[in-house]
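Working notes for the structure below.
Just so it is clear: chains get the letters A, B, ... in the order the sequence lines come, proteins before strands, and each one is counted from 1. Everything numeric in this text was worked out from a predicted model, so none of it was measured. Atom set for the values below is all heavy atoms of this structure, side chains included, hydrogens, waters and symmetry mates excluded.
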Amino acid sequence: MAKIKAVRGMYDILPDQAPIWQFVEQQVRHLFSQYGYREIRTPIIEKTELFCRSIGTGTDVVEKEMYTFSCRKGGHLTLRPEATAACVRAVEEHGLAFNQVQRLWYNGPMFRYERPQKGRQRQFHQFGAEVYGIDSPDIDAELILMTARLWRKLGIEQVLQLQLNTLGSASARTAYRAELVAFLKANMSALDTDSQRRLATNPLRILDSKDTATQALLDHAPVFLDYLDKESISHFARLKQILDDAEIRYQVNPRLVRGLDYYCKTVFEWTTDDLGAQGTVCGGGRYDGLIAQLGGRPTPGIGWAMGVERLILLLKSMQAVPADIFNPLDVYLINLGSVAALVAQKLAESLRDQLPDLRLQLHCGGGDFKSQLKKADRSGAKVALLLGEDELVQEQIQVKPLRGQGKQQNIAFVELATHLQQILCP
RNA sequence: GUGGGCGUAGCUCAGUCGGUAGAGCUCCGGAUUGUGAUUCCGGCGGUCGUGGGUUCAAGCCCCAUCGCCCACCCCA
């Protein structure tokens, strides 16, 4: 019978890799606590309509990448392709943003039905931050500064570049988009096939086309700057001023558009050349209109998300993963014979009572002395404890350092905890 | 959705012109009765992705199919 394998594009995180995930998660959680952000956890399934109305029906994500299924009682549900929409939904549903500011963060799996490749999977994980109730650019800057701090903390700041743009107010953007589409439709024949397709789906992306004929045509197209509202311009100027003052380097990229409809004003991406085709590690922006669009009282919002898998790929390629996170053990307890096994079990429990931070593994499953010692070595433990018949009689145990130069010593049971503490925490 | 590359032991991979399936690592045992790592010897481990075809003979050639990887596209 054929073996069942994991679903395409969805991966197991095996014990060898889990410490890297724990390390990254711990670093990001600490970052959020440094800035006073609070965690929010929402379900991974939402009503399909939530994503259609927030992300936009014309986007790739909604049009062809969602895992959607019908509910037993009718209606359509979707595995979340991102978390901002769910966050907004929850915040509105519980009135969290009513006359107050919220700084929130989340972490968890997201789902998009795409062809898998490097840095792109169908189930992937994001950390994200969302802020509600602040319309001034100081919060835009704070959100960017905290990501910059994370890159420094992880030692990957050299390979990441900040791309920055402003999309203007929602109305300015819609007006421009309509003008651009009208212009391009009139010149349809001059467009490459890719761009012709994008005209219906994501017209602003056409500005980024690599086709030379298309680029030539774009020289005569409406210019976005002419449509930008004054408020957005000054918002953007202030953001840049704060970033300059904080000595955060960035590149203004007028072609930075982002593929989700809800963005307005500030958008940004942290990108790298070290990950192949999927170079965006973190991206985000402002979405002042979204909450009202979903039926709430008009409230400004802004946020970012980072791809954990991409972050980990980058850490590995930079060799920035600390080596000491992988060793799970301090002590391996060897026992010979059924009487020793009984005593060892009790001894192990007693040590865990006395030294709650001690990482101790009791050898189980028998085997001769030699094979147990071999397992102790392979386990990565710093110290082996040897309990056999001779030791039982004397109520002592052999303490054998496996890594350093220390000598093997005979230690009385009652002094074991103190002794271990001394040799393990110098 | 469209291209290109690749599927051989648990893992990493050799396999020449079509001629009975290999190595290293891991694991187990021995050299060494209760002292690991190094060394040496031995052992376990295979539907060569799957199905069909050509052939006296297929891991190798042909067709189909499934899977994985990379890229386009898109995004984190």
So does A/Lys346 pair up with A/Glu349, basic N to acidic O under 4.0 Å? no
Starting at the 5' end of nucleotides 71-76 of chain B, put B wherever the base has a protein heavy atom under 4.0 Å, S where only the sugar-phosphate does, and a dash everywhere else. BBBBBB
Please state the P separation for the pair B/G29 and B/C68 - nearest whole angstrom. 38 Å
Taking the P atom of each, how far is B/C13 from B/U33, in whole Å? 40 Å
For the aromatic rings, using the six-membered ring if either is Trp, is the centroid distance between A/Trp105 and A/Phe32 under 6.0 Å? yes
Within residues 302-316 of chain A or reaching into it, pairs that qualify as side chain to side chain donor-acceptor pair (under 3.5 Å) - sequence neighbours excluded: A/Gln17-A/Lys316, A/His125-A/Glu309, A/Gln278-A/Arg310
Between B/C60 and B/G51, how many Å separate the two P atoms, rounded to a whole number? 13 Å
Do any side-chain atoms of residues 182-189 of chain A form donor-acceptor pairs under 3.5 angstrom with protein atoms, and if so which ones, sequence neighbours left out?
from, atom 1, to, atom 2, distance (Å)
A/Asn187, ND2, A/Phe183, O, 2.7

Could you list the donor-acceptor pairs under 3.5 angstrom formed between side-chain atoms of residues 127-139 of chain A and any protein atom two or more places apart in sequence or on another chain?
from, atom 1, to, atom 2, distance (Å)
A/Glu130, OE1, A/Tyr287, OH, 2.4
A/Glu130, OE2, A/Thr84, OG1, 2.8
A/Tyr132, OH, A/Tyr287, OH, 3.4
A/Ser136, OG, A/Asp138, OD1, 2.5

With C1' as the reference atom in both, quote the distance from B/C11 to B/G46 in angstrom, rounded to an integer. 15 Å
Pair pattern of RNA chain B in dot-bracket, where unpaired bases get dots and | marks partners in another strand, Watson-Crick or G-U under 3.5 angstrom: (((((((..((((.....[..)))).(((((.......))))).....(((((..]....))))))))))))....
Roughly how far apart, to the nearest Å, are B/U32 and B/A37 at atom P? 15 Å
Whole-Å distance, A/Tyr332 OH to B/U35 P, equals 17 Å
Using a 4.0 Å cut-off on heavy atoms, which residues in residues 371-392 of chain A reach RNA chain B? List them by number, or say none. A/Leu373, A/Lys374, A/Lys375, A/Asp377, A/Arg378, A/Leu386, A/Gly388, A/Glu389, A/Asp390, A/Glu391
